[in-house]
Amino acid sequence: MNGFLYDIKRTLSGKFTIIVVILLVLVTAATAYGAGISSDTADPAHTDIVLPYINDTNGVIHVSDYIINGYGQPVSGLSVTSSILNIVFHDSGRDVITSNTSMSENGYANFTFNDKNLTGFIYKYYPYYKNGVPEQLSSQSQIVYEHDTMNQFQTTYFPAYPSYNVCFNDSTVPVYAVLLKDKSNPSQVNTMVYVPYINSSINNQPLYISDNITSSPVYGVTMHKVMPNYAKDGPNSGAFIYTTHLTTEDLDKYVNIYITNKTGAMVIPNISYMYTYVKPGVALQDGLALYFGILLIPILGIFSAYFYYGKDKASGVLESIIARPITKGKVMISRFTGNSVSFLIGLLISFGLADIILEHYTGIYISAGTFTAMFLGYLVEAIAFAGIMYLITQFEKTQGEILGTGIALLFILGFMWTIVSGAILFLLRLTSKTSFLKDLLIIDSISPSYFPDIISDYHLGVYSTVSASSVGINIYSVVLIGLAWVLIPSLLALYFARKRD
Amino acid sequence: MITITNLTKSFKNFKAVNNLNMEINNGEILGLAGLNGAGKSTTIRATAGIIFPTSGSIMVDNLDIVKDKANASKHIGWVPELPNFEPDAKPIPLLKYYAGLYGIKPDDAEKDIVELMKKFDIYPYKNRKLRYYSQGMKKRFSLIAAMVGNPDNFLFDETLNGLDPQGVREVRDLIIELRKQGKSILLSSHILSELQNVADRIAIMKNGAIIKIITREELRSLGATGIKVHVKNPNGKIIDILSSFGEAGSDGYYYIIKNKAGADPSELNEELVRANYKVDYISMDNETLEDYFLNMVK
């Protein structure tokens, strides 16, 4: 059998590899499960939102429900149930004037009735439908129409996103602000402004949508001028979707949406929500960052190298191979390749399974970029730790020495590196923030356990609180650091393997 | 053929092998004797390409074991003192892996491997991991492993240690068989009688150097000291006859004649028979290899 294939097979079928791969898969799957279930449970594609508009034309009431899904797309084929009740309250309750079931088409479900000289009526409807079935709230939402004015009483319901605010700014025409998910980017929360009637006084001038992000929620703001930094041209009729660009830096902060007219007067009360939802892959990354890169992967790299090379070399098992037509260097390369392939397969299985789990809970796969960043980051880390162990093995004579050094590596370069790097930074007495971050980056680059963070920072474009590029994280530096970790320890190990007994 | 020229191997400041020269011809068994630490195993390990010589050269069939390691190793089979194989490996896959290093196709290799395993009585244990093999089974496996690739040169490093009498005989027969096939064999052993039995020459090592190489002819007359004789019907007159052949004495059972140059046992036998003694044992009383060896290395 070809030496490489034998070593790869041997490494892959080795007990330690199997144990570690199972451990990786379990840990990654559990983390993915945690990330999946902790994301909101809204199912935007199958959640429908009803946005009613009532128009009275000479005693003929036109009800037009605009129905969108959680992505803001118009919905056809939804059976919308509603009723009109007399506003006058009798002992037996309110008279039902008419009940209606309309099928939506291109987003609209319409019906008409005569008000029969009513002093007023209540339009009672279900604001949310899940899979075509009305969400059974404690009471239905109501729009009260009385004396040519409208008001809404909406039952509070927060299925995370979507949710909406509505305001009858001029007592006749509502302005809806709906929080939606972005179909192409689940980390984004969009805001749709829906103004159903084009000729209202509101619509005689364009709306302006502004946002800002704060550490605490903003309530009851009265704006008197347009926020120049954020003002956007909004709609003057129909639906308009506005995107607030959110990053992981905004996680757990409050996003405030303001809808104003051109003078800055608030058209509806501002919306304030906490940004909690991130991309599945990023959620997985955050979860794994706690122990994966600083503990599990170093264990994988260090102990795989020990069990499949260091131990064999120290115990003499390797001699039974070296005595054959193969050089010491080739034996090392073969074993190292076996280790690396086992890391590759283990990580692919782990992240592949994690992807499936996250898709199950969030409806979306990890993005290719995030998957690649995670996979390459941890693969390089594992190979780097293995390479360091191969290098150490060339200088240590006993299994105990090799294992002891490996465990020390696990402590120093693994889960204690934060302390080590902190101590170094303290000794350097850095004061400038940028300098501090750059030095922190350089020190973090000394440990392979932080390479996944660096590649992730590059992918996300953010390092700590500053942009990644501002501290020198770019494609060149990431590739350089990655190649350095893959090549330098292993090539040094190869050099000494060929030169030393 | 193995040619070792000016081989020196140092470990830090200690010279394990010091300027050693040796040649093992095709169809020859060279025994390597020496006390512990004499440098036997170091010499063999360097010859097998396990360790690098500090200086000097080792040529295996004219291929340098350092400069042309992979090719030279195709011509050499190494049987270590303590076989140490991958403990979780099963014999056939491991041997096939070894065969692959020699460029042998898996199917061809398996056929030969099965034959060898049958020959060495470990085929019934083909599905057992090597960690569960006894020491003797490991030795047998080690012999098979050394024969993979059918090399022309063999290095046996204390191979007889740990073998039962049957195993010793099998290995001895194997070594002799290999010699008949024209292989060159370097055999180190503490069991000097075995070296004496099979070796064409014996190199005695001390402090990393060869201090004496003894040929088979020299082995036969090694340190001859007299004639040893036993008769069934001894009496007082026998001493007179024995004394004419040298300084006669008795250890209580044998009569021993010493210090007579050129004493011929056949002449003595003739004299004793003529005098009506019933001779049932007569031989040259040689100094043993062990005595000779100990005198050399002390």
Side-chain angles (χ1 to χ4, degrees), chain A residues 1-20 303-304 306-335 337-339 342 394-399 494-501, chain B residues 9-11 42 44-54 63 65-89 92-106 109-110 130-131 138 141-142 145-146 148-149 151 155 157:
Chain A
M1 184 183 288
N2 179 284
F4 281 106
L5 290 180
Y6 180 88
D7 274 332
I8 289 166
K9 183 185 167 192
R10 176 182 176 278
T11 311
L12 286 177
S13 59
K15 275 183 194 167
F16 179 76
T17 304
I18 292 169
I19 290 168
V20 169
F303 289 96
S304 287
Y306 169 73
F307 281 113
Y308 298 119
Y309 184 74
K311 188 181 172 192
D312 282 357
K313 188 171 187 296
S315 69
V317 166
L318 228 50
E319 291 182 356
S320 63
I321 298 166
I322 293 167
R324 302 181 187 284
I326 190 168
T327 60
K328 292 178 181 182
K330 281 188 180 173
V331 171
M332 198 215 92
I333 291 170
S334 183
R335 292 287 169 104
T337 306
N339 282 141
S342 71
Q394 309 308 324
F395 299 95
E396 308 281 21
K397 292 296 178 195
T398 67
Q399 294 177 48
L494 179 62
Y495 173 79
F496 288 111
R498 294 174 59 174
K499 294 292 176 191
R500 294 173 64 90
D501 288 336
Chain B
K9 177 63 185 176
S10 300
F11 296 104
T42 302
I44 287 179
R45 286 160 63 80
T47 308
I50 306 294
I51 55 174
F52 294 113
T54 306
L63 296 165
I65 194 68
V66 176
K67 294 174 183 167
D68 196 4
K69 162 77 176 59
N71 283 323
S73 289
K74 285 184 180 173
H75 296 256
I76 204 156
W78 173 54
V79 184
E81 179 181 8
L82 299 169
N84 202 352
F85 297 100
E86 291 170 25
D88 288 321
I92 292 178
L94 185 59
L95 290 168
K96 283 170 76 174
Y97 161 54
Y98 291 161
L101 299 175
Y102 292 83
I104 302 170
K105 291 179 181 174
E110 185 159 358
L130 292 172
R131 70 164 65 243
K138 282 180 184 171
F141 179 81
S142 179
V148 169
L155 307 169
D157 190 1

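Chain identifiers are assigned alphabetically (A, B, ...) following the order of the sequence lines, protein sequences preceding nucleic acid strands; residue numbering begins at 1 within each chain.
Closest non-hydrogen pair, B/Tyr98 versus A/Ile321, comes out as CE2-CG1, 4.0 Å. Smallest separation of non-hydrogen atoms from B/Lys69 and A/Ile326: NZ-O, 2.9 Å. Closest of all the heavy-atom pairs between B/Trp78 and A/Ala323 is CE3-CB, 3.5 Å. Considering every non-hydrogen atom in both B/Ala70 and A/Pro325, the closest pair reads O-CB, 3.1 Å. Annotation for A/Arg324 and B/Tyr102: closest pair NH1-OH, 3.3 Å, computed over non-hydrogen atoms.
Distance alone, capped at 3.5 Å, places no donor-acceptor pair between the B/Asn84 side chain and the A/Glu319 backbone. Not one N or O on the side chain of A/Asp501 forms a donor-acceptor pair closer than 3.5 Å with the backbone of B/Ile50.
Of the two parts of B/Ala145, the backbone and the side chain both hold a non-hydrogen atom closer than 4.5 Å to a non-hydrogen atom of chain A. With a 4.5 Å cut-off on non-hydrogen atoms, A/Lys328 touches chain B through its side chain but not through its backbone. Contact of B/Leu155 with chain A is not made at all, since no heavy-atom distance falls under 4.5 Å.
Heavy atoms of other residues, nucleotides or ligands lying less than 6.0 angstrom from OH of A/Tyr495 number 12 at most.
To the nearest 0.5 Å, the span separating OH on B/Tyr97 from OG on A/Ser334 amounts to 5.5 Å.
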